Amino acid sequence: MSWNKRHLLDIESLTADEINTVLDTATAFKAVGERAIKKVPALRGKTVINLFVEPSTRTRISFELAAQRLSADIINFSAEASSLKKGETLKDTARNLEALNADIIIIRHSATGAPHFLSRFLKSSVVNAGDGAHEHPTQALLDTFTIREKKGKIEGLNVTILGDILYSRVARSNIWALLKLGANVTLCGPSTLVPKVFEKMGCKVTWNLEEGVKDADVVNLLRIQHERQRKAMFPSIGEYTSLFGINKTRFKRLKPDVMIMHPGPINRGVEIDSQVADCDQSVILQQVTNGLAVRMAVLFLVNGGKGPQEVAAPVAT
Ligand code: CP
């Protein structure tokens with residue numbers, strides 16, 4: 001088990017072994033986070049920059065905390081208060097950040113491929129924190145980490161991703177990760193948001209809610225990505241909720257041990273009712289907690305760490 005990549009750009013290009021290396025390294029860092037002293041010196045002297053050009057709560061803050069727990073210096077770049085507003089290009093912005101000796105640049109951007117673009121000319125490591133509707137690799141890693149932690153495995157599980165698949169980077173990264181780890185993936189939602197072309201990736205596609213969720217061990221709910229939809233994809237939010245929203249009545253028809261997930265932010269009363277979002281089988285906040293350990297693992301690995309076997313050493317020093 002070993003990691004040799006300088007960047008984390010997507011899940012598509014990772015092997016199952018590399019995904020498992022991240023998950024196992026995250027398990028080791030989660031154990032560190034349960035100790036009295038949670039900080040380790042693994043990235044001491046390194047500089048990490050959060051280059052977020054789109055809004056974020058969970059991802060930005062957990063990367064910030066992850067860098068701090070690893071003893072790195074972390075800078076939060078604010079797009080609104082930056083020279084991007086004066087016409088500076090993303091390339092020039094990133095090269096200026098690198099000129100300040102940034103070791104790792106974490107980027108969230110509305111343009112698909114923005115992290116891949118930076119990785120072609122930067123010497124710094126690049127981590128994708130979400131690029132357009134393309135990928136959100138650390139979300140998929142924390143989601144698979146949470147499934148494995150709660151269900152004890154991923155292979156053979158039936159995982160349904162329900163909602164706006166077309167515009168969701170979370171869906172794409174989850175599909176790649178789950179299929180590589182041997183899960184059965186069903187995509188469900190309105191036909192306009194769940195095109196049949198996803199079957200080519202190896203998923204089952206259904207536009208019928210009952211059929212989509214009846215055998216699910218895990219239901220991962222997605223919000224409607226209004227910010228990326230360029231035209232109306234369904235008649236109204238009310239109709240979406242009446243056909244695909246998970247309320248208490250629908251929840252009772254799911255498998256008794258079903259696990260409810262959501263990457264957040266949740267839209268209560270739209271894709272999920274509060275009684276479901278806050279029930280015992282919901283792991284929504286545990287996903288957020290696990291995001292910290294997963295992002296510590298990612299920063300550790302892109303900085304040259306090889307795997308979980310190296311996590312114990314820095315803790316002991
Ligand atoms: N899940 C997720 O990416 O949340 P944020 O947009 O708050 O980072």
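Positions are given from 1, in the same order as the sequence printed here. This structure is a prediction, so every number in the text was calculated from the model and none was measured.
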Any donor-acceptor N/O pair, D164 side chain to I224 backbone, under 3.5 Å: no

What donor-acceptor contacts under 3.5 angstrom involve side-chain atoms of residues 111-119, with partners at least two apart or in another chain?
from	atom 1	to	atom 2	distance (Å)
H116	NE2	D10	OD2	3.0
S119	OG	H116	O	2.7

Test item: Y167 and L222 side chains (from C-beta on) under 4.5 Å apart, heavy atoms: no

Counting only pairs under 3.5 Å, give me each side-chain donor-acceptor contact of residues 152-162, with atom names and distances, residues two or more places apart or in other chains.
from	atom 1	to	atom 2	distance (Å)
N158	OD1	N184	ND2	2.9
N158	ND2	D215	O	3.1
T160	OG1	G212	O	2.7

Under 3.5 Å: donor-acceptor pair, side chain of N247, backbone of T249: yes

Single-linkage hydrophobic cluster I106~L51, side-chain heavy atoms < 4.5 angstrom: no

Test item: side-chain donor near acceptor, S110 and E54, under 3.5 Å: no

Exam field: side chain T27 to backbone L23, donor-acceptor pair closer than 3.5 Å: yes

Heavy-atom check, side chain of P265 versus side chain of T57, under 4.5 Å: no

Whether over 12 other heavy atoms sit under 6.0 Å from R268 CZ: yes

Check: N174/Q139 side-chain N/O donor and acceptor closer than 3.5 Å: no

Side chains of L181 and N20 in contact at under 4.5 Å (non-hydrogen atoms): yes

Value rounded to 0.5 Å, distance of CZ in R60 from OG in S78: 9.0 Å

Greater than 12 external heavy atoms within 6.0 Å of K5's NZ: yes

Straight-line distance of H7 NE2 to I105 CD1, nearest 0.5 Å: 10.5 Å

Side-chain (T144) to main-chain (L141) donor-acceptor, under 3.5 angstrom: yes

Derivation and outcome, side chain to side chain contact (heavy atoms under 4.5 Å, CB included), residues N303 and L301: CA-CA 5 Å; N303 188 57; L301 293 169; over 6 Å; no

S173 side, atom OG; H134 side, atom NE2 - distance, nearest 0.5 Å: 7.5 Å

N290 and T146: side chain donor to acceptor below 3.5 Å: yes

No-hydrogen, no-angle side-chain donor-acceptor test under 3.5 Å, E64 and N76: yes

Taking every non-hydrogen atom, the tightest pair across A26 and F145: CB-CE1, 3.6 Å

Under 3.5 Å donor-acceptor, R250 side chain and G245 backbone: yes

Listed partners of P195 passing side-chain contact (heavy atoms from CB on, under 4.5 Å), at least two apart: L166, V197, F198

Any V311 side-chain heavy atom under 4.5 Å of V32 side chain: yes

For F244 against G189, the heavy-atom pair lying closest together: CZ-C, 3.4 Å

Minimum-distance pair of heavy atoms, taken over all atoms of K151 and D257: NZ-O, 2.6 Å

Heavy-atom side-chain contact between P263 and N220 under 4.5 Å: yes

Distance in Å, R148 CZ paired with I19 CD1, rounded so as to fall on 0.5 Å steps: 11.0 Å

Any S168 side-chain heavy atom under 4.5 Å of I165 side chain: no

I175 vs L187, side chain to side chain contact (heavy atoms under 4.5 Å, CB included): CA-CA, chis, key distance, verdict: CA-CA 9 Å; I175 292 166; L187 307 178; 3.8 Å; yes

Student check: side-chain heavy atoms of I74 and I49 closer than 4.5 Å: no

Linked, directly or transitively: L9 and W176 (ILVMFWY side chains, under 4.5 Å): no

N4 and K306, any side-chain heavy atoms less than 4.5 Å apart: yes

L142 reachable from M261 in the ILVMFWY side-chain graph, under 4.5 Å edges: yes

Any donor-acceptor N or O pair under 3.5 Å, side chains S62, R295: yes

Contact summary for T206 and T186, nearest pair of heavy atoms: CG2-CG2, 3.9 Å

Hphob cluster co-occupancy, I266 + L285, side-chain heavy atoms under 4.5 angstrom: no

Whether over 12 other heavy atoms sit under 6.0 Å from K200 NZ: no

Salt-bridge present (K204, E199; N to O < 4.0 Å): no

Ionic contact status for K255 with D217, cut-off 4.0 Å: yes

Flag, side chain of R108 to backbone of P55, donor-acceptor distance under 3.5 Å: yes

L65 CG to K38 NZ distance, which is reported to the nearest 0.5 Å: 10.5 Å

Under 3.5 Å: donor-acceptor pair, side chain of S71, backbone of V40: yes

Candidate pair V294 and T25, rule side chain to side chain contact (heavy atoms under 4.5 Å, CB included), full reasoning: CA-CA 8 Å; V294 165; T25 307; over 6 Å; no

Heavy-atom donor-acceptor pair, E271 side chain to T241 backbone, under 3.5 Å: no

Chi angles and distances behind the side chain to side chain contact (heavy atoms under 4.5 Å, CB included) call for E310, F300: CA-CA 10 Å; E310 292 184 350; F300 176 74; 3.8 Å; yes

Joint hydrophobic cluster, L100 plus F77, side-chain heavy atoms closer than 4.5 Å: no

Whether K180 side chain and E12 backbone form a donor-acceptor pair below 3.5 Å: yes

For the student: nearest non-hydrogen atoms of V302 and W3, plus distance: N-NE1, 4.1 Å

Nearest non-hydrogen partners of K196 and W207, listed with the distance: CG-CZ2, 3.8 Å

Interatomic distance, L178 atom CG to C203 atom SG [nearest 0.5 angstrom]: 8.5 Å

Flag, side chain of H262 to backbone of G264, donor-acceptor distance under 3.5 Å: yes

